[in-house]
Amino acid sequence: MKSKSIALILLLSLFLTSCDAVDDLLSFTISNEASIKIKSTSPLNLPTEIVTPDVTTNSSAEFENNKTKASLVKDVKIRSLKLSISDPSDKTFTFLKSIHLYISTSNSDEIELAYQDNINSSSNTIDLICTDKRLDQYIKADSYKIRTQVTLKETLTKDVTVKADMKFRVTADPF
């Protein structure tokens, strides 16, 4: 009886680890960018909304390059979201108290993508905390919108342009 239990446990662990290995083989990364302009007229300590132009996903070409198609995509999650100040080039994130990014499409509800609160950075780049939400319907769409909510802790004398580098992990079924 004991040997049957051990054999069953080994079989289950082999099955579970092989599923993860197969998912890794069928996974790839899609990168997208968005530009966010934080206006110098934004109020201090109050959340301000910023809507970016639509981000074109180019996902069908990415799926094809990775030998899959949208109908086979089973799981998309954000892997990383890095913000970097592109203008002015000497600016750092010391002015920013918090930032939250939301994603939506014309056919899908808005959900939070990534955030960072109590920002204390003297760098011109920051990594946001990514949510664990499934993003299949957003990445499969032709384009999506990014809405940003920022809270400033310093007055800006000049508009600040921030580039958002997003990396999504896509897992697809083999057939």
Side-chain angles (χ1 to χ4, degrees), residues 16 18-39 41-42 46-87 91 93 96-117 119 121 123-152 159-175:
L16 292 174
S18 66
C19 287
D20 289 342
V22 169
D23 275 355
D24 285 344
L25 289 173
L26 300 172
S27 296
F28 55 95
T29 300
I30 291 180
S31 299
N32 282 326
E33 280 185 8
S35 185
I36 303 163
K37 184 172 270 193
I38 303 170
K39 301 279 188 188
T41 57
S42 299
L46 292 174
T48 302
E49 305 288 323
I50 303 165
V51 178
T52 64
D54 283 3
V55 177
T56 304
T57 62
N58 199 22
S59 57
S60 54
E62 290 282 349
F63 296 153
E64 192 175 311
N65 290 342
N66 287 282
K67 298 178 181 27
T68 191
K69 51 188 173 186
S71 62
L72 296 176
V73 170
K74 67 176 185 177
D75 189 33
V76 178
K77 293 194 176 166
I78 183 113
R79 175 186 247 173
S80 68
L81 202 154
K82 183 179 207 144
L83 299 180
S84 54
I85 298 175
S86 54
D87 185 44
K91 189 73 176 160
F93 279 107
L96 197 57
K97 183 176 185 178
S98 70
I99 186 163
H100 291 251
L101 275 73
Y102 302 87
I103 188 171
S104 65
T105 68
S106 55
N107 298 327
S108 304
D109 292 337
E110 180 181 82
I111 61 170
E112 189 167 29
L113 189 61
Y115 65 93
Q116 187 69 268
D117 290 317
I119 297 170
S121 175
S123 172
N124 67 345
T125 63
I126 55 172
D127 291 311
L128 300 189
I129 299 165
C130 298
T131 64
D132 198 28
K133 301 204 171 125
R134 289 184 61 147
L135 304 169
D136 308 26
Q137 59 196 348
Y138 304 92
I139 298 304
K140 288 180 184 180
D142 293 333
S143 65
Y144 55 82
K145 288 191 183 316
I146 296 289
R147 181 178 64 86
T148 306
Q149 184 181 52
V150 296
T151 304
L152 304 181
D159 292 352
V160 176
T161 304
V162 176
K163 182 177 81 167
D165 265 328
M166 300 168 274
K167 297 202 183 310
F168 299 93
R169 180 184 167 114
V170 179
T171 305
D173 281 329
F175 320 107

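No hydrogens, no waters, no symmetry mates; every other heavy atom, side chains included, goes into these values. Nothing here was measured: the structure is a model prediction, and the numbers come from that model.
Partners of Asp165 under the salt bridge (Lys or Arg N to Asp or Glu O under 4.0 Å) rule, at least two apart in sequence or in another chain, are Lys163. Among residues two or more places apart in sequence or in another chain, the side chain to side chain donor-acceptor pair (under 3.5 Å) test is passed with Lys39 by none. Evaluation of the side chain to side chain donor-acceptor pair (under 3.5 Å) rule for Tyr144 yields Asn32 as partners, not counting sequence neighbours. Scored by the side chain to side chain contact (heavy atoms under 4.5 Å, CB included) test, Gln116 finds Ile99, Ile119, Leu128, Ile129 as partners (sequence neighbours excluded). With sequence neighbours left out, Thr56 forms a side chain to side chain contact (heavy atoms under 4.5 Å, CB included) with no residue at all. Take Asp75 and apply the salt bridge (Lys or Arg N to Asp or Glu O under 4.0 Å) test, not counting sequence neighbours, and it matches Arg134. The side chain to side chain contact (heavy atoms under 4.5 Å, CB included) check on Ser106 picks up nothing, with sequence neighbours excluded. Residues satisfying the salt bridge (Lys or Arg N to Asp or Glu O under 4.0 Å) test with Lys145, not counting sequence neighbours, are Asp54. Every residue meeting the side chain to side chain donor-acceptor pair (under 3.5 Å) condition with Thr105, not counting sequence neighbours, appears here in chain and number order: Ser108. Remark: Thr151 engages Pro47, Lys97, Ser98 in a side chain to side chain contact (heavy atoms under 4.5 Å, CB included) (not counting sequence neighbours).
Two residues are said to be in side-chain contact when any heavy atoms from C-beta on lie closer than 4.5 Å; Leu101 and Met166 fail this criterion. Under the 4.5 Å side-chain criterion, counting only non-hydrogen atoms from C-beta, Phe63 is not in contact with Leu72. Taking the side chain as every heavy atom from C-beta outward, Asp117 and His100 approach each other to under 4.5 Å. Looking at Thr171 and Val73, their side chains never come closer than 4.5 Å, going by heavy atoms from C-beta outward. Considering only heavy atoms from C-beta on, Ile111 comes within 4.5 Å of Tyr138 through its side chain. Annotation: side chain of Leu152 is in contact with side chain of Ile38 (closest heavy-atom distance under 4.5 Å).
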Tell me which donor-acceptor pairs under 3.5 Å the side chains of residues 76-86 have, and how far apart each pair is, sequence neighbours excluded?
residue : atom : partner : partner atom : Å
Arg79   : NH1  : Thr29   : OG1          : 2.8
Ser86   : OG   : Thr161  : O            : 3.3

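When the shell of 6.0 Å around NZ of Lys69 is examined, it contains 12 or fewer heavy atoms from other residues, nucleotides or ligands. Heavy-atom neighbours of Asp142 CG from other residues, nucleotides or ligands within 6.0 Å: at or below the threshold of 12.
Note: Gln149 CD to Leu46 CG = 10.5 Å, rounded to the nearest 0.5 Å. How far CG of Asp136 is from OG of Ser59: 11.0 Å, rounded to the nearest 0.5 Å. Rounding to the nearest 0.5 Å gives a distance of 11.0 Å between NZ of Lys74 and OG1 of Thr68.
Shortest non-hydrogen contact noted between Ser27 and Arg169 is OG-NH2, 3.2 Å. The minimum heavy-atom distance linking Asn124 with Lys91 is given by the pair CB-O, 3.3 Å.
Counting only distance, with no hydrogens or angles, the side chain of Thr131 and the backbone of Ala114 share no donor-acceptor pair below 3.5 Å. Listed for the Thr57 side chain is a donor-acceptor partner under 3.5 Å among the backbone atoms of Ala141.
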Going through the checks in order, is the side chain to side chain contact (heavy atoms under 4.5 Å, CB included) test met by Leu113 and Leu135? CA-CA 9 Å; Leu113 189 61; Leu135 304 169; 3.6 Å; yes

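Residue pairs meeting the salt bridge (charged side-chain N to carboxylate O under 4.0 Å, His left out) criterion with at least one partner in residues 98-116, sequence neighbours excluded, are Glu110-Arg147.
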